[in-house]
S.K.: 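Following this message is one structure expressed as structure tokens.
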Protein chains: 2
Amino acid sequence: MTDINQQIILNSRPDGWPAPENFKLIEAKIPKIGDGEILVRNLYMSVDPYMRARMNDAKSYVPPFQIGKVLEAGVVGEVVKSRNSKFKEGDVVVGMLGWENYSKSDGADLLTVERGPVPLSYYLGILGMPGMTAYAGLVDVANLQEGETVFVSAASGAVGSVVGQIAKIMGCEVVGCAGSDDKVDFLINELGFDRAFNYKTCGSIPKKIAELCPKGIDVNFENVGGKIMEAALWNMNDFGRIALCGMISNYNDTDMAPGPRGMGIIIQRRLKIQGFIVFDNPKLNMEFVRKAAVWLEEGKLKYRETVTEGLENAPSAFIGMLKGENFGKQIVKIA
Amino acid sequence: MTDINQQIILNSRPDGWPAPENFKLIEAKIPKIGDGEILVRNLYMSVDPYMRARMNDAKSYVPPFQIGKVLEAGVVGEVVKSRNSKFKEGDVVVGMLGWENYSKSDGADLLTVERGPVPLSYYLGILGMPGMTAYAGLVDVANLQEGETVFVSAASGAVGSVVGQIAKIMGCEVVGCAGSDDKVDFLINELGFDRAFNYKTCGSIPKKIAELCPKGIDVNFENVGGKIMEAALWNMNDFGRIALCGMISNYNDTDMAPGPRGMGIIIQRRLKIQGFIVFDNPKLNMEFVRKAAVWLEEGKLKYRETVTEGLENAPSAFIGMLKGENFGKQIVKIA
């Protein structure tokens, strides 16, 4: 163990799409810990769409990243020093830490997880925020019922892939869209989606959804926004619910994009559009992790990751994820 | 009683704003009634924004008006002949009947109301669908709580004026917008709104709302859509609710208008947008009528109508209402 701590800081705020020069790799010393603190050696970090919003200087449910400061991410790491009685050396912890080799923490927001048959990186994906988000959106926000039709966008992504599988476990018809034929094939043949399409090559998206959802959509789990959300909206059934999880299509807009055309349909069909984030219902999150561990063991939940090696490649992994170049959950292996 | 029955039919479908030539006044014979039927002499009819949608040939929660057929409206009338044991001559009934002097009905969808201190036309407004709509939106859809801030658009209209007064009765801060200084004055000085503004002359609507709702908006009762809905959206508090009742600003668009810009805020602030119509919750409607009758008697609910005389003037009353020329509920006195 050297005393060098590589870190990635926010170098400048992006205007539109983020670029490599918005990030900067620096070297610092490994931090010294005080009473009540622990030192974590970071093993895996997550890159996620919400981070793009935090790169802007705008009020949101989490404060913006600060220029010149180390970026934050969901991290799985190993406790290597502890002056906190709740943690001992060798413990594996999950929580928001830095884009860096070593993070100091008071442990307040860290969870300890067991080493077991499940790869540790899964706690950043299917057993972490993306999985919890999928469950909260379907169960709490959309109140999904057996037999309903679910349409999910960005369906092969970290959240979407779990949404579709949970909806199948709950006895629903599941239709998804993704941005390549390989992803569509994965949805149908590996994840068990009933139908899926490539939104880049399908022609009219509203017509394609109408064709693949002949009974209409009861629940739209929306990750993308823009034209895809509009097309889903037009195909909603009376009393349908749109669980609005993300609008990745708009995150790099420099002007504010308008909402979907034809919103009068919200009244005519008595639709509900509800935004939510994963932190709103901690009880539900724990319920999900218990269920998901069983589903994984039984083979009912499948999971795919794209793992990029090396902290120095985190910025390109993040930018690639925003462009849809990853397949499944995008992870960066730090150590 | 002559045997002439004047009727107004849909002559052609409007393209954009409706015009007088879309309507036609014809003369027919007063219909003969069969077993189980009644003949109603129509006293007052209502013209409402939703009728504009029914003039298009489009699927909605109510079927479109048919060219060459008599238009429908909420009507208060008097039973003048009855071959139905549930109704007797002299009864006052309320329901969906024709734009005409006399309507035939099997009575299935008609309510009998009492002649009393309340003018009969009130059953088309504050004690009818507009009042019920206000109550359902606030209580059921928005789950309004004491102490919250409510923003209502088209606040001096048939629905909006009741929304604001109910919200005051429920102990809320109420802010509204309307399209003239007279209406704004009415909101504050007669209806008891806390603050109100004229959206046509206020400059930046988002900034005006921010100024008049310093604690943000918890519940937006939205009747207008377009720029006003967008401005309200940007001022919503975390976990705010938008009860989407109408989008009158879009009803005459020939192209589909886009939704509000900046919808990502729905996620960041965990907002709920829910469309609803008055027919969805009949129990709640009856609860409202009971309460509203008491509130009217106690002087807690105030009400204003614009009454246009003569069936032949119903088309111009309807078009004027869409343009905001009425003040309070627009009624047509037929007899």
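Every value quoted in this text rests on a predicted model; they were computed, and no experiment measured them. Lettering follows sequence order; numbering is per chain, from 1.
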S.K.: Could you check which of B:Gln274, B:Met256, B:Arg270, B:Met229 has the highest count of heavy-atom pairs closer than 4.5 Å to chain A?
M.R.: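 Top count of heavy-atom pairs under 4.5 Å with chain A: B:Arg270.
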S.K.: Which distance, rounded to the nearest 0.5 Å, do you find between the CZ of B:Phe239 and the CG of B:Asp218?
M.R.: 12.0 Å
S.K.: Enter the distance from B:Glu230:CD to B:Lys227:NZ here, rounded to the nearest 0.5 Å.
M.R.: 4.5 Å
S.K.: Considering only heavy atoms, which portion of A:Tyr50 lies under 4.5 Å from any heavy atom of chain B: side chain, backbone, both, or neither?
M.R.: neither
S.K.: So A:Phe276 and A:Phe221, would you call those rings parallel, tilted or perpendicular, with 30° and 60° as cut-offs?
M.R.: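 Ring orientation, 0 to 90° scale: perpendicular.
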S.K.: With a 4.5 angstrom heavy-atom cut-off, is it the side chain or the backbone of A:Leu271 that approaches chain B, or both, or neither?
M.R.: backbone
S.K.: A:Asp238 versus chain B, heavy atoms under 4.5 Å apart: side chain, backbone, both or neither?
M.R.: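 For A:Asp238, neither part sits under 4.5 Å from chain B.
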S.K.: In terms of ring plane angle, is the pair B:Phe318 and B:Trp99 parallel, tilted or perpendicular, where the classes change at 30° and 60°?
M.R.: perpendicular
